[in-house]
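What follows is a set of notes on a single structure, which appears directly below.
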Number of protein chains: 2
Amino acid sequence: MNKADQIIQEIGERPTAVRTAVLGVLLNAGSALAHPEVLERLKNLGEFDRVTVYRVLEWLVIHGLAHKVAGTGRACRFQATHPDTTHRHAHFQCRECGKICCLTEIEPKLTNLPEHFTVESIELNIKGVCDDCGRHIPR
Amino acid sequence: MNKADQIIQEIGERPTAVRTAVLGVLLNAGSALAHPEVLERLKNLGEFDRVTVYRVLEWLVIHGLAHKVAGTGRACRFQATHPDTTHRHAHFQCRECGKICCLTEIEPKLTNLPEHFTVESIELNIKGVCDDCGRHIPR
DNA sequence: TCAGATTTTGCAACATAGTTGCATAAACTA
DNA sequence: TAGTTTATGCAACTATGTTGCAAAATCTGA
Ligand SMILES: [Mn+2]
Ligand SMILES: [Mn+2]
Ligand SMILES: [Zn+2]
Ligand SMILES: [Zn+2]
């Protein structure tokens, strides 16, 4: 049995073909993927409907198996959640290659927040140039 | 001469009817507005084309007269930049009423960032329940 | 194992948010 | 005010999702 299947069964949900395939794609990706990228990579594994893939991605988020990151542009990106990392962390998106990666080391500190506001979630997105893209530009 | 006109002339750009009107709407708004909300409020001031309004909103951002905030949902929201606030600050969006406001007091601290990444911008979006919506819910 | 109940999928249509090309209109400059 | 530059309006197009619904897959209890 493959890893994706196993993860889905562990949480007591139905490991269908699409769920297993989509989670597998996310697990193999090094960074967060947008819907078209997921679809593209699924082509190697069979025929999958785009609407179903949208639904499965949301399903993965609801069940905590993936998280959703808003990058540049209008499309959300999805990344498999590693069991050992907390969900609350910052993300970095490279202006050059567009890749998004988790910055699990950074804990956004919230001081000075008006006390009458109830905080439910925090999103910290940092944009710039990543290591790979930066090393080719002379400094 | 109205405020919006004056601001546009101060930066040496053409104060056209649409620019003046759109900036005026943003200046009068208490929070960040999405494109349809801007269009709606413009109806009191005349007939404006939606594409032109999109272009003017981007123009305002480029010229530093407004800033763009990504809230819940896919639409960006725009808010007039107050001359006395720095552009780098956090935003709070209420889950109940959807309003977005600037949290100019909060400075996102970036420690632990991998040193080979070049940071160009930081976006800190906090979601929860605002004062107005929270006070009606018994605690 | 299998009938019935529940959930998931695929397809078509719809929705929302924004962009592009281009001809016309407005604003600026000399 | 003539010529040049810039902004606008309109139509068509793109990107990113969402919804309704019938068919297929999956599960459950007898
Ligand atoms: Mn992450
Ligand atoms: Mn702000
Ligand atoms: Zn890069
Ligand atoms: Zn509120």
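Chain naming here is simple, since letters A, B, ... match the order of the sequence lines and numbering starts at 1 in each.
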In whole angstroms, how far is the C1' atom of C:dA17 from the CD atom of B:Glu40? 17 Å

Qualifying residue, where the test is side-chain contact (heavy atoms from CB on, under 4.5 Å) with B:Leu33 and the options are B:Arg41, B:Lys99, B:Gln79: B:Arg41

Taking D:dG17, C:dA27, C:dA17 as options, the one with an atom nearest any side-chain atom of B:Pro36 is C:dA17

Measure from CH2 on A:Trp59 to C1' on C:dT9 and round the result to the nearest Å. 14 Å

Between A:Gly73 and B:Glu13, which residue's closest nucleotide on DNA chain D lies nearer the 5′ terminus? B:Glu13

Ignoring hydrogens, what is the shortest heavy-atom contact between A:Cys94 and A:Val129? Give both atom names and the distance. SG-CA, 3.9 Å

B:His35 atom NE2 is separated from C:dT19 atom P, nearest whole Å, by 10 Å

Give one of base, sugar-phosphate or nothing for B:Thr52, where a contact means two heavy atoms less than 4.0 Å apart. base

Nearest heavy-atom contact between A:Ala32 and A:Glu37 is O-OE1, 4.2 Å

For A:Arg19, report the nucleic acid contact type (base, sugar-phosphate, nothing); a contact means any heavy atom under 4.0 Å. sugar-phosphate

Listed nucleotide nearest any side-chain atom of A:Asp49, set D:dG9, C:dC11, C:dA17: C:dC11

Take the protein atom OH of B:Tyr54 and the nucleotide atom P of C:dA17, then report the distance between them rounded to whole Å. 7 Å

Check whether any side-chain N or O of B:Arg50 sits under 3.5 Å from a backbone N or O of B:Leu39 as a donor-acceptor pair, and report yes or no. no

What's A:Arg74 touching, base or sugar-phosphate or nothing? Going by heavy atoms closer than 4.0 Å. sugar-phosphate

Which pair of non-hydrogen atoms, one from B:Cys76 and one from B:Lys68, has the smallest distance, and what is that distance? SG-CE, 3.6 Å

Tell me the interatomic distance from A:Ile8, atom CD1, to D:dT26, atom C1', rounded to whole angstroms. 14 Å

Tell me: CD of A:Glu47 to P of C:dT9, nearest whole Å? 15 Å

If you compare every side-chain N and O of A:Thr16 against the phosphate oxygens of C:dT9 (OP1, OP2), does one of them come in below 4.0 Å? yes

For A:Val18 and B:Phe78, find the nucleotide of DNA chain C closest to each by heavy atoms; which residue's nucleotide sits nearer the 5' end? A:Val18

What's the closest nucleotide to the B:Val51 side chain, out of D:dA11, D:dT8, D:dT19? D:dA11

Does the base of D:dG9 carry an N or O that pairs as donor and acceptor with the side chain of B:Arg50 under 3.5 Å? no

Nucleotide D:dT6, atom C1' - distance to NE2 of B:His63 in whole Å: 12 Å

Atom-to-atom span, CG of A:Leu39 to P of C:dC11 - whole angstrom: 13 Å

Polar side-chain contact B:Arg55-C:dG18 base: donor and acceptor under 3.5 Å: no

